[in-house]
Engineer: 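What follows is a single structure, and I will ask about it in a moment.
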Amino acid sequence: MGVQIKRVYDDAAKADGFRVLVDRLWPRGVKKEAADLDEWLKNVAPSPDLRTWWNHDADRMDEFEKRYRSELDENDEVAKLRDIVAEHKTVTLVYAAKDTTVNHARVLRDFLAD
């Protein structure tokens, strides 16, 4: 399984394979054509309540990861994402967060690998 993560603001590349936006909200300043996406699975993103609580605070990352993984365990959309991963050699989870390590896409990628 080749699942990687990449910021939506970085240029798309052939090596990205199948590109899936995994944010609940559309990224600011990005035109749909420029995003070069194959799918948008907004419902695999953290719930609005969890996202608000976390607020991308690095000090809350461990607790966020536990809570988000719990949400993913109960999320029917994850099956759709797993199907996409099974159908494609490479899948890139695209996200808008500024921090490349403190973001939900990293947690989601790791969750899929488990």
Side-chain angles (χ1 to χ4, degrees):
M1 171 175 72
V3 178
Q4 55 195 13
I5 62 173
K6 188 173 191 177
R7 291 189 73 227
V8 71
Y9 302 104
D10 295 336
D11 291 337
K14 277 193 171 194
D16 293 346
F18 195 88
R19 292 171 49 91
V20 181
L21 179 63
V22 294
D23 283 348
R24 191 168 298 275
L25 304 174
W26 188 261
R28 290 183 183 179
V30 176
K31 293 182 181 185
K32 293 193 185 214
E33 308 80 42
D36 195 19
L37 299 170
D38 297 297
E39 187 80 47
W40 180 16
L41 294 179
K42 59 180 117 181
N43 291 325
V44 298
S47 67
D49 287 343
L50 180 56
R51 193 184 80 228
T52 300
W53 169 83
W54 176 41
N55 198 31
H56 288 90
D57 182 344
D59 293 335
R60 291 184 172 181
M61 189 65 195
D62 290 340
E63 180 63 23
F64 166 76
E65 184 166 353
K66 283 188 224 172
R67 293 182 186 192
Y68 183 36
R69 282 177 169 265
S70 179
E71 285 187 356
L72 291 169
D73 282 334
E74 304 296 321
N75 188 333
D76 294 336
E77 285 288 299
V78 172
K80 184 173 183 180
L81 183 55
R82 286 192 190 280
D83 288 344
I84 289 170
V85 170
E87 293 169 6
H88 297 88
K89 182 177 177 183
T90 304
V91 174
T92 299
L93 306 179
V94 181
Y95 66 96
K98 292 178 185 176
D99 195 314
T100 57
T101 56
V102 179
N103 65 68
H104 76 283
R106 182 189 58 78
V107 176
L108 181 56
R109 178 201 60 205
D110 295 348
F111 179 85
L112 292 170
D114 291 346

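Heavy atoms only: backbone and side chains are in, while hydrogens, waters and symmetry mates are out.
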Engineer: Please test His88 against Val20 for side chain to side chain contact (heavy atoms under 4.5 Å, CB included), starting from the C-alpha separation and ending with a verdict.
Structural biologist: CA-CA 12 Å; His88 297 88; Val20 181; over 6 Å; no
Engineer: Between Thr92 (side chain) and Asp16 (backbone), is there a donor-acceptor pair under 3.5 Å?
Structural biologist: yes
Engineer: Check the orientation of His56 and Trp54. Use parallel for under 30°, tilted for 30 to 60°, and perpendicular for over 60°.
Structural biologist: tilted
Engineer: Under 4.5 Å between side-chain heavy atoms, counting indirect links through other Ile/Leu/Val/Met/Phe/Trp/Tyr residues: same cluster for Phe18 and Val8 or not?
Structural biologist: no
Engineer: Sequence neighbours excluded and cut-off under 3.5 Å, please list the side-chain donor-acceptor pairs for residues 29-46, or say none.
Structural biologist:
from, atom 1, to, atom 2, distance (Å)
Asp38, OD2, Arg19, N, 2.8
Trp40, NE1, Asp23, O, 2.7
Asn43, OD1, Arg24, NH1, 3.4

Engineer: Hey, what do you get for OH (Tyr9) to CZ (Arg28), rounding to the nearest 0.5 Å?
Structural biologist: 8.0 Å
Engineer: Give me the atom names and distance for the closest heavy-atom approach of Tyr95 to Ala105.
Structural biologist: CD2-CB, 3.5 Å
Engineer: Is any side-chain heavy atom of Leu81 less than 4.5 Å from a side-chain heavy atom of Leu93?
Structural biologist: yes
Engineer: Do any N or O atoms from the side chain of Asp110 and from the backbone of Val107 form a donor-acceptor pair under 3.5 angstrom?
Structural biologist: no
Engineer: Nearest 0.5 Å, what's the CH2-CG distance between Trp26 and Leu21?
Structural biologist: 5.5 Å
Engineer: Are Trp53 and Leu72 connected in the hydrophobic side-chain network, where two residues link if heavy atoms are under 4.5 Å apart?
Structural biologist: yes
Engineer: I'd like to know if the side chain of Asn103 and the backbone of Asp99 have a donor-acceptor N/O pair within less than 3.5 Å.
Structural biologist: yes
Engineer: Grab the two heavy atoms, one from Val94 and one from Arg7, that are nearest each other, plus how far apart they are.
Structural biologist: CG1-C, 4.2 Å
Engineer: In the single-linkage hydrophobic clustering (I, L, V, M, F, W, Y; side-chain heavy atoms under 4.5 Å), do Ile84 and Ile5 co-cluster?
Structural biologist: yes
Engineer: Only pairs at least two apart or in different chains count here, so list each salt bridge (charged side-chain N to carboxylate O under 4.0 Å, His left out) that has a residue in residues 59-68.
Structural biologist: Glu63-Lys66, Glu63-Arg67, Glu65-Arg69, Glu65-Arg106
Engineer: Working to the nearest 0.5 Å, report the span between OH of Tyr68 and CZ of Arg51.
Structural biologist: 11.5 Å
Engineer: Does the His104 side chain pair with the main chain of Val22, one donor and one acceptor, at a distance under 3.5 Å?
Structural biologist: yes
Engineer: Decide if atom CG of Asp83 counts as having more than 12 heavy atoms of other residues, nucleotides or ligands within a radius under 6.0 Å.
Structural biologist: yes
